[in-house]
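What follows is a short report on a single structure.
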There are 2 protein chains.
Amino acid sequence: MKKNLSKQKVIHAASSLFFQKGFHGTSVRDIAQKAKVNVSSVSYYFNGKQGLLEYAVTKYYEEYLKTIEATLEAAENWSAIDRLNELIFTIIQYKQSKLQLTCFIQRELTLDSVFVREMVITYLAKENFHIRTAFYNVLAGKKLPGDEKDYLLMQLKGMLITPYILHNEWKDRVIGDYSHEVFVNKYVKTIQNWLKFIVEN
Amino acid sequence: MKKNLSKQKVIHAASSLFFQKGFHGTSVRDIAQKAKVNVSSVSYYFNGKQGLLEYAVTKYYEEYLKTIEATLEAAENWSAIDRLNELIFTIIQYKQSKLQLTCFIQRELTLDSVFVREMVITYLAKENFHIRTAFYNVLAGKKLPGDEKDYLLMQLKGMLITPYILHNEWKDRVIGDYSHEVFVNKYVKTIQNWLKFIVEN
DNA sequence: TTCCTGTCGAACAAAAGTTGCAGGATTTCC
DNA sequence: GGAAATCCTGCAACTTTTGTTCGACAGGAA
């Protein structure tokens, strides 16, 4: 019963290579070689290279949104600030748990293609809605001039992706499973400190 | 006297296409077509596609570092916090002035290649040194536990690149030359507010 | 057996980066 | 001012690489 063993191997190899060399910088032969399967396996399982990309990204975001929404639901009756803090923790934790995919997808989303636009509509719009809603709820009591809220939201969203863009400079700090956990806790605390300042001023 | 007119056209077209589709996602024929020059011009002027990349990135960072260092020199006798604020302003202003190249290079630097490693050693190490030095000087008086300084530095560096990664979400705000200026001022102020909080707490 | 799933190698067409060469334009030098 | 050298452009061709597909074959399930 070696069910779909090759499929898993392809996904694993592709994640690693896409992360390292980018989507266009990786050939299906690279992937097949790294996964130790035949070249045609990629087309067989995923309907080609593009299909492999769509499969990986879709799976990533489906789970991502599910995790986020579960968190928000569980914290439904919490205070606005607690809810947001919990959301931040969940997001960083999820991203850290799929580090390579996170970095890769984050990079790919800065491109301008049909596929990216589809992902933006299908998933990023929802993600953005959840973060914005939670953040604005926290800011609800405060009087802020004009578009200042937008700039603060941008700052927050920036903090949620920074570790996965400056990853090269920080990878030395995150090696074992344990240090992943440490990083999540410390970094989330850093963001939450910023948040506290925003609310209290 | 149409000196190197084609060369300029190639650079311009390449910047735009690399920004939009990435380096590996853009072919020399794409570039030649957009620039309305012959395919062989790319090899003629830049020694191939890779040479074009190196030319553009090198030029970008040479000027970037020169700008940064000129700012720091001019602000030599200022207070630490004023110096850092001025540095932040200079950086954001420069990045905004070459928006497409900034976004493109930022993305390309998240890859793992020989070229990227060279750029990190040659330029990013210097950039990092200037930012870190200026930031740590501001924090000099404060007692902060362990690696908290590092996390704050990361937060700062994140803010300096966020607009050029979340660019897709923010491009609506930045259209004319005037709005570029407005954006720089407002966004720099947002960062400086954060900085003020860090220093005073 | 028969059927279905998975694997493999070979092959193909398209795309990519590069190069050589010829002709035209421009500059340089006498 | 004219000849010579240099620079630039355009076309075509070549080599490699890339993504995909096809048919053959093995092995377990029905």
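Keep in mind that what you see is a predicted model, and the values were worked out from it rather than measured.
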Pairwise 5' ranking along DNA chain D for A:Asn38 and A:Gly25, keeping only the more 5' one: A:Gly25
For atom NZ of A:Lys36 and atom P of C:dC8, their distance in whole Å: 13 Å
Rounded distance (Å) that lies between atom C1' of C:dA14 and atom NZ of A:Lys49: 14 Å
Under 3.5 Å side-chain donor-acceptor pair for B:Asn38 and B:Ser41: no
Sugar-phosphate, base or nothing in reach of A:Phe46, heavy atoms under 4.0 Å: nothing
Geometric cation-pi criterion, B:Lys49 with B:Phe23: 6.0 Å, 45°: yes
Side-chain N or O of B:Tyr44 closer than 4.0 Å to phosphate OP1/OP2 of C:dT19: no
Centroid-centroid under 6.0 Å between A:Tyr60 and A:Tyr94 rings: yes
B:Asp112 atom CG, over 12 foreign heavy atoms within 6.0 Å: yes
Nucleotide nearest A:Ser40 (side chain, heavy atoms from C-beta), chosen from C:dT7, C:dG9, C:dG17: C:dG9
B:Gln50 CD to C:dG17 P, straight-line distance once rounded to whole Å: 11 Å
Sugar-phosphate, base or nothing in reach of B:Ser27, heavy atoms under 4.0 Å: sugar-phosphate
Under 4.0 angstrom between A:Tyr45 side-chain N/O and C:dT7 OP1 or OP2: yes
Interatomic distance, B:His24 NE2 vs C:dG17 C1' [rounded to whole Å]: 13 Å
Nucleotide D:dG19, atom C1' - distance to CG of A:Leu53 in whole Å: 14 Å
Value in whole Å for how far the C1' atom of D:dT16 lies from CZ of B:Arg29: 12 Å
Selection from D:dG19, D:dT21, C:dT18 that lies nearest to any side-chain heavy atom of A:Ser43: D:dT21
Length of the line joining A:Leu52:CG and D:dT18:C1', which is rounded to integer Å: 15 Å
Modelled atom types, side-chain donor and acceptor of A:Tyr187 and B:Gln155, under 3.5 Å: no
Rounded distance in Å - CG (A:Asn47) to C1' (D:dT21): 12 Å
Touch class at under 4.0 angstrom, heavy-atom based, for A:Ser41 against every strand present: nothing
